[in-house]
Colleague: 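Structure below; questions to follow.
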Amino acid sequence: MRWSNLHTPTLRDAPADAEAASHKLLVRGGFIRQLHAGHYSLLPLGWRVFTKVEAIVREEMDAAGGQEFRLPAMHPASIWKKSGRWDVMGDEKFVVIDRKGAENVLGMTHEEIFATLAQEITSYKSLPQIWYQIQTKFRDEPRPKSGLLRVREFTMKDAYSFDLDEAGLDKNFDLLRDAYVRIFDRLDLPAMPVEASSGAMGGSGSTEFMVPSPAGEDDVVRCNSCDYAANVERSSSALPAVTDRDLPDLIKFPTPGVRTIAALEAVEGGAPSHQQIKTMVMVLDGTTTLALVRGDHQLNMQKLQDGTGATDVRPATPEEAEAALGAMPGSLGAVGVKGLRIVADPVLQGRAGLTTGANEDDWHYRGVNIERDVAVDEWMDLRDVSAGEACISCGAPLEIVRCIESGHIFKLGTMYAEAFGAHVMDPDGNQRPLVMGSYGIGIERNVAAIAETHYDDNGLIWPAAVAPFEAVITVVSLKDEASVAAADALYSELKAKRIDVLLDDRDARAGVKFADAELIGIPYRITIGPKALADGEVEFTVRADGETTRVGLDAIADQLVAALTG
RNA sequence: CGGGACGUGGCGCAGCUCGGUAGCGCACCUGCUUUGGGAGCAGGGGGUCGGGAGUUCAAAUCUCCCCGUCCCGACCA
């Protein structure tokens, strides 16, 4: 490609509304342009990176035994109602009404369609199967953000495995997990596999691949001493033992104006936060529920959702809380409460001498024995892990790292197979539902994740495997005929060697060309100018470290090939 | 959906408080000079000031409604 013909509108200034590094640089470098919130056009450079990322994903999926499909992006509403996800997905699905008035869904993932196709797998002898596609997904995200990191229309490689039993699923899960490790390795992304929540996908277990980055949206709890790592939504930690206070009797005492845990610590007759019960009034699918955690802990909403199986979880409004318990938030508690579902964090199990709200403004209880005084329906992990708490497997302090979710793989089980009647005959002649797994990677998000982790003050620094061009030949002066001739010859030579090379033949000042080449992040630059050329040499610059060496014109092609293959 | 900010040539911004000429930098076009790290001078083109309604002799500026975008929280590849 000759730069004089390339549409790469580079900008000196980043758009004012861009915050994330990848967003700024991809816009500045002329890789992407926004159409509207959550929808981006990929310009030629952006598309080149995209296709290289896509090719790596495809190669590794094929190597793992995957078979590529291409499914419709638009589905009849009926299939989504059949799986139950019409309701689960709620406002996040794009619904399109056709001329007949029928509802259609723009696909968010394709479990339903693949499960339908899997009806034609009829014997265990055909198993296992790994099916995948690379296709556009639509999700009406409540808040698209950060350029390509979170959008409403994007391309996903979604794969699905089909097995006779859980053991088969486990095997495929591990196989594809390994494929993912190889993919992220080739993309030069430091993605760590972590335990995760399955969320709306359902299923028994899942692993996320997390790339540490301040532009991410997830927090990962990680141990530096062992290999424990989990999304905060699934994480746990070891806590030091606490001793109950010796308060055998339940006593109601006045707490005028006390509305917070901190205030209750300070008031006459109060208690340290870890001797308190925090009572959160939550609404789960329309049903008011009390969620109890220790006073110094935070409720994790995802854990509450996962633990209860609810699809919609939100805090109650102060008015709803008052209607349910008779007091405003700040004086709420679960002592003696009947008729409401009560779930509690296991850290509270067996504890006594606690302090909590009395469901009467300005009054609290002390001496609460949770087993005696609170009708807990279910104990479930509900609390956030905090940095510095001890690792459950080795005891070392945990850290919390902000991450981009680059990939997510799920053990789905049989739910979709049962919904769509995807059964096979087993060796004993019994019909059994297929056991499924699902495996997703967002292509654009990974392009952004690479950008987010590969840049400096001068611009992007693409890994050669995904760079829009592997090398750029910069002609310092178009007026110097010898330079032009040498550049043209080298350009032809590199193309013949199947190197992705860009020839900067623009009639611009050298400084502009250097700055642009660095901004768009081409990993290797060959500068051809009169100075070195007089000695039969060119300059070879590595984008990552800026190191420049003089190389003979006759040796540069081999040196570049060595750099690219090394 | 809750909270905050913003919307003025392709990009970044000023002008709005106090209504009256739409301006600056970058980019773009022409010419001359320049030419190894985002050149200089001269000339030039381009803007329904997000949209609608209202107030007014007069609205980018004041009022109301709507739309859009970004950021922070609840969701996900």
Side-chain angles (χ1 to χ4, degrees), chain A residues 9-20 23-24 27-28 30 33-38 57 88-92 108-109 134-159 180 191 196-201 206 208-211 216-218 231 233 282 300-302 304-305 311-315 317 404-410 438-449 458-459 474-480 483 507-519 527-533 539 541 546 548:
Chain A
T10 55
L11 305 173
R12 278 206 197 190
D13 303 314
D17 52 16
E19 196 74 19
H23 187 191
K24 287 182 188 167
V27 171
R28 277 192 62 206
R33 286 294 182 264
Q34 185 183 53
L35 180 60
H36 59 146
V57 171
V88 174
M89 290 306 184
D91 290 337
E92 203 156 313
M108 321 178 69
T109 59
I134 299 173
Q135 221 244 19
T136 308
K137 309 293 187 210
F138 297 88
R139 296 181 185 179
D140 195 356
E141 291 286 341
R143 186 150 98 85
K145 58 177 284 201
S146 304
L148 252 28
L149 278 173
R150 179 167 213 77
V151 293
R152 303 203 303 172
E153 173 181 350
F154 65 99
T155 313
M156 179 159 77
K157 186 287 297 170
D158 50 321
Y180 271 47
S197 160
S198 307
M201 304 297 297
S206 75
E208 289 171 329
F209 290 83
M210 300 300 240
V211 176
E217 303 176 82
D218 287 86
N231 192 303
E233 301 165 354
M282 306 297 292
N300 184 293
M301 301 249 286
Q302 187 67 44
L304 177 63
Q305 178 165 13
T311 56
D312 181 47
V313 173
R314 63 171 175 87
T317 64
I404 296 167
E405 183 188 346
S406 265
H408 199 165
I409 61 180
F410 301 82
S438 108
Y439 314 85
I441 289 183
I443 307 297
E444 289 91 339
R445 179 178 285 183
N446 276 276
V447 169
N458 294 325
T474 302
V475 185
V476 169
S477 171
L478 288 188
K479 293 226 167 55
D480 181 45
S483 292
D507 186 13
R509 299 171 73 86
V512 171
K513 296 186 179 189
F514 295 148
D516 273 345
E518 283 157 8
L519 175 61
T527 307
I528 299 187
K531 283 187 199 166
L533 201 56
E539 285 154 42
T541 304
T548 298

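Naming convention: chains lettered A, B, ... in sequence-line order (proteins, then strands); numbering from 1 in each chain.
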Colleague: Rounded to whole angstrom, note down the P distance from B:rU48 over to B:rG52.
Modeller: 12 Å
Colleague: Scan A:Asn446 against the nucleic acid and name what it touches under 4.0 Å (heavy atoms): base, sugar-phosphate only, or nothing.
Modeller: nothing
Colleague: Using a heavy-atom cut-off of 4.0 Å across all strands, would you classify A:Asp13 as base, sugar-phosphate, or nothing?
Modeller: base
Colleague: Using atom P in both nucleotides, what's the gap between B:rG10 and B:rC29 to the nearest angstrom?
Modeller: 16 Å
Colleague: Between B:rG25, B:rC75, B:rA77, which one does the side chain of A:Met301 approach most closely?
Modeller: B:rC75
Colleague: Which one is paired to B:rU35, where only Watson-Crick or G-U wobble pairs with both distances under 3.5 angstrom count?
Modeller: none
Colleague: For A:Ala14, report the nucleic acid contact type (base, sugar-phosphate, nothing); a contact means any heavy atom under 4.0 Å.
Modeller: sugar-phosphate
Colleague: If you pin A:Leu11 and A:Leu519 to their nearest nucleotides in RNA chain B, which one's is more 5'?
Modeller: A:Leu11
Colleague: Please give the distance between the C1' atoms of B:rA60 and B:rG51 as a whole number of Å.
Modeller: 14 Å
Colleague: Nearest whole Å is fine: how far is B:rC70 P from A:Leu149 CG?
Modeller: 13 Å
Colleague: If you define the side chain from C-beta out and look only at heavy atoms, does anything of A:Asp140 sit under 4.5 Å from A:Asp91?
Modeller: no
Colleague: Any side-chain heavy atom of A:Ser146 sitting closer than 4.5 Å to one from A:Glu217?
Modeller: no
Colleague: Pairing donors with acceptors under 3.5 angstrom, does anything connect the side chains of A:Ser477 and A:Asp480?
Modeller: no
Colleague: If you measure from the C1' atom in B:rG9 to the same atom in B:rA14, how many Å do you get, rounded?
Modeller: 15 Å
Colleague: What I'd like to find out is whether the side chain of A:Asn231 reaches to under 4.5 Å of the side chain of A:Glu405, using heavy atoms alone.
Modeller: no
Colleague: Rounding to an integer number of angstrom, what distance separates B:rU63 and B:rA74 when you compare their P atoms?
Modeller: 35 Å
Colleague: Rounded to whole angstrom units, what separation is found between the NZ atom of A:Lys24 and the C1' atom of B:rG12?
Modeller: 13 Å
Colleague: Taking any strand in view, what nucleotide pairs with B:rU17 in a Watson-Crick or G-U wobble way, both distances under 3.5 Å?
Modeller: none
Colleague: Could you tell me whether the phosphate oxygens of B:rC72, OP1 or OP2, come under 4.0 Å of any side-chain nitrogen or oxygen in A:Arg143?
Modeller: yes
Colleague: If only side-chain N and O atoms count, and only distance matters, is there a donor-acceptor pair under 3.5 Å linking A:Thr136 with A:Glu153?
Modeller: no
Colleague: Using whole Å, what does the distance between atom P of nucleotide B:rG50 and atom CG of A:Asp17 come to?
Modeller: 15 Å
Colleague: Across all strands shown, which nucleotide pairs with B:rA59 by Watson-Crick or G-U wobble geometry, both distances under 3.5 Å?
Modeller: none
Colleague: Of all the choices, B:rG12, B:rA74, B:rA77, which nucleotide is nearest to the side chain of A:Pro15 once you look at every atom?
Modeller: B:rG12
Colleague: Calculate the interatomic distance between A:Glu233 atom CD and B:rC76 atom C1'; express it in whole Å.
Modeller: 9 Å
Colleague: In this structure, how many angstroms lie between the C1' atom of B:rC26 and the CZ atom of A:Arg28, rounded?
Modeller: 12 Å
Colleague: Once rounded to the nearest 0.5 Å, what's the spacing between atom CD of A:Glu208 and atom CZ of A:Phe410?
Modeller: 7.5 Å
Colleague: Provide the distance between the two C1' atoms, one in B:rC11 and one in B:rG47, to the nearest whole Å.
Modeller: 14 Å
Colleague: Only pairs with both distances under 3.5 Å count, Watson-Crick or wobble alike; so what is the partner of B:rC6 in this structure?
Modeller: B:rG68
Colleague: OP1 or OP2 of B:rC72 less than 4.0 angstrom from a side-chain nitrogen or oxygen of A:Lys145, does that happen here?
Modeller: yes
Colleague: Quantified in whole Å, what is the P atom distance between nucleotide B:rU61 and nucleotide B:rU55?
Modeller: 15 Å
Colleague: Any side-chain heavy atom of A:Arg139 within less than 4.5 Å of one from A:Thr109?
Modeller: yes
Colleague: Could one point to a donor on the side chain of A:Asp218 or the base of B:rC76 with an acceptor on the other under 3.5 Å away?
Modeller: yes
Colleague: For A:Val151, report the nucleic acid contact type (base, sugar-phosphate, nothing); a contact means any heavy atom under 4.0 Å.
Modeller: base
Colleague: Less than 4.5 Å apart, any side-chain heavy atom of A:Ile409 and any of A:Phe209?
Modeller: yes
Colleague: Looking only at side-chain N and O atoms, does A:Gln34 come under 4.0 Å of OP1 or OP2 in B:rU69?
Modeller: no
Colleague: Does A:Ser146 reach a base, just sugar-phosphate, or nothing at all? Heavy atoms under 4.0 Å.
Modeller: sugar-phosphate
Colleague: Please name the nucleotide paired to B:rC28 by Watson-Crick or G-U wobble geometry with both distances under 3.5 Å, or report none.
Modeller: B:rG44
Colleague: For nucleotides 28-37 of chain B, read 5' to 3', which letter fits each nucleotide if B means a protein heavy atom sits under 4.0 Å from the base, S means only the sugar-phosphate is that close, and - means neither?
Modeller: ------BBBB
Colleague: In whole Å, what is the span from the CG atom of A:Leu148 to the P atom of B:rC76?
Modeller: 20 Å
Colleague: Quote, to the nearest angstrom, the C1' distance that separates B:rC49 from B:rG7.
Modeller: 10 Å
Colleague: Can you measure A:Arg152 atom CZ to B:rA77 atom P for me and round it to whole angstrom units?
Modeller: 18 Å
Colleague: Please enumerate all residues that pass side chain to side chain contact (heavy atoms under 4.5 Å, CB included) together with A:Asp13, with sequence neighbours excluded.
Modeller: none
Colleague: Rounded to the Å, how far apart are A:Ile409 CD1 and B:rC76 P?
Modeller: 17 Å
Colleague: Which is more 5' along RNA chain B, the nucleotide nearest A:Glu208 or the one nearest A:Ala37? Just name the residue.
Modeller: A:Ala37
Colleague: Kindly indicate whether the side chain of A:Glu444, heavy atoms from C-beta on, has any atom under 4.5 Å from the side chain of A:Val151.
Modeller: no
